[in-house]
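Just below is one structure, and these are the notes that go with it.
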Amino acid sequence: ALFEELLKITKIKELSKSITKEIAENIKTETDLVGWKTKRSSQKQLSIIIYDILSASKNKKIENKIDDLTEEFIDLAKRNL
């Protein structure tokens with residue numbers, strides 16, 4: 001779902017793939033914590049991680065939707081992890 005959303009926005013398969021992989025690898029530690037879905041600190045940490053990765057992409061289309069994407073990806077994580 002993350003990959004598809006990024007691909008829809010960027011139309012760049014490799015960029016979408018690398019960002020998806022980087023986000024998955026970087027949020028794993030936080031999402032492995034018991035009760036992370038209800039902890040404000042965990043959600044804030046996820047938000048920082050995702051935001052930083054998206055902003056590092058230097059892609060204008062992503063940067064224009066960065067806040068919405070960050071929130072959407074946290075919601076996806078809550079539902080799927």
Side-chain angles (χ1 to χ4, degrees):
L2 210 117
F3 170 76
E4 289 85 3
E5 189 63 32
L6 288 169
L7 186 58
K8 187 168 64 174
I9 292 167
T10 66
K11 310 280 192 266
I12 304 170
K13 187 176 183 178
E14 285 307 312
L15 175 65
S16 301
K17 191 176 187 180
S18 68
I19 291 173
T20 300
K21 183 179 179 187
E22 189 174 353
I23 289 173
E25 289 170 353
N26 282 279
I27 67 170
K28 181 150 179 42
T29 305
E30 199 65 39
T31 58
D32 282 346
L33 296 174
V34 174
W36 72 269
K37 292 178 183 182
T38 57
K39 291 181 183 174
R40 277 181 160 304
S41 60
S42 289
Q43 291 182 35
K44 184 165 179 74
Q45 187 61 32
L46 288 178
S47 179
I48 292 166
I49 292 167
I50 295 168
Y51 188 95
D52 287 350
I53 291 168
L54 292 175
S55 62
S57 74
K58 303 286 188 223
N59 182 290
K60 289 289 179 205
K61 291 177 181 176
I62 290 175
E63 289 176 354
N64 289 340
K65 296 182 174 217
I66 199 164
D67 292 327
D68 292 338
L69 287 170
T70 300
E71 194 173 312
E72 184 177 340
F73 293 164
I74 290 171
D75 288 343
L76 280 171
K78 284 182 182 178
R79 286 194 305 265
N80 298 306
L81 298 177

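Excluded from the calculations below are hydrogen atoms, water molecules and symmetry mates; all remaining heavy atoms, backbone and side chain alike, are included. This structure is a prediction, so every number in the text was calculated from the model and none was measured. Nothing fancy with the numbering, it's 1 onward along the sequence.
- Legend: residues meeting side chain to side chain contact (heavy atoms under 4.5 Å, CB included) with K37, ordered by chain and number and at least two apart, are K78.
- In this structure a side-chain-to-backbone donor-acceptor pair under 3.5 Å is missing from W36 to E30.
- At distances below 3.5 Å, not a single donor-acceptor pair connects side-chain atoms of K17 with backbone N or O atoms of I12.
- To the nearest 0.5 Å, atoms CD1 (I27) and OG (S42) are separated by 11.0 Å.
- Note that CD1 of I9 and NZ of K61 are 9.5 Å apart. Values are rounded to the nearest 0.5 Å.
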Would D32 and K28 count as a salt bridge (charged side-chain N to carboxylate O under 4.0 Å, His left out) if you check the C-alpha gap in whole Å, the side-chain angles of each, and the deciding distance to 0.1 Å?
-> CA-CA 6 Å; D32 282 346; K28 181 150 179 42; 3.1 Å; yes
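- Hydrophobic clustering (side-chain heavy atoms under 4.5 Å, transitive across Ile, Leu, Val, Met, Phe, Trp, Tyr) keeps L2 apart from L7.
- Taking CG of L46 as the reference point, atom OG1 of T31 lies at 7.0 Å (rounded to 0.5 Å).
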Q. Run the side-chain contact (heavy atoms from CB on, under 4.5 Å) check on E72 and D68 step by step: do they pass?
A. CA-CA 6 Å; E72 184 177 340; D68 292 338; 5.7 Å; no
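- Follow the hydrophobic side-chain contacts under 4.5 Å out from L15 and you reach I53 in the same cluster.
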Apply side-chain contact (heavy atoms from CB on, under 4.5 Å) to residues L76 and L81 and explain how you reach the verdict. CA-CA 8 Å; L76 280 171; L81 298 177; over 6 Å; no
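- If you take OG on S16 and NZ on K8, they are separated by 11.5 Å, rounding to the nearest 0.5 Å.
- For the pair F73/L6, a side-chain contact is recorded, criterion being any heavy-atom separation below 4.5 Å from C-beta on.
- Side-chain contact check for S47 and T70: no donor-acceptor pair (N or O, by modelled atom type) lies under 3.5 Å.
- Dense packing is recorded around NZ of K39, with more than 12 heavy atoms of other residues, nucleotides or ligands lying under 6.0 Å away.
- Counting heavy atoms from C-beta outward, E71 and D67 have side chains that stay 4.5 Å or more apart.
- Distance check, rounded to the nearest 0.5 Å: NZ of K11 to CG of N59 gives 11.5 Å.
- Linking ILVMFWY side-chain heavy atoms closer than 4.5 Å, directly or via other members, places L33 and I23 in a single hydrophobic cluster.
- You'll find the side chain of I50 stays beyond 4.5 Å of the side chain of L69, heavy atoms only.
- Surrounding CD of E63 are more than 12 heavy atoms belonging to other residues, nucleotides or ligands, all under 6.0 Å away.
- Within the model, atoms CD1 of I49 and NZ of K44 stand 12.5 Å from one another, a figure rounded to the nearest 0.5 Å.
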Exercise. Just do the side-chain contact (heavy atoms from CB on, under 4.5 Å) check on E25 and K21 with the steps written out, would you?
Key: CA-CA 6 Å; E25 289 170 353; K21 183 179 179 187; 3.0 Å; yes
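- I19 places none of its side-chain heavy atoms less than 4.5 Å from the side chain of F3.
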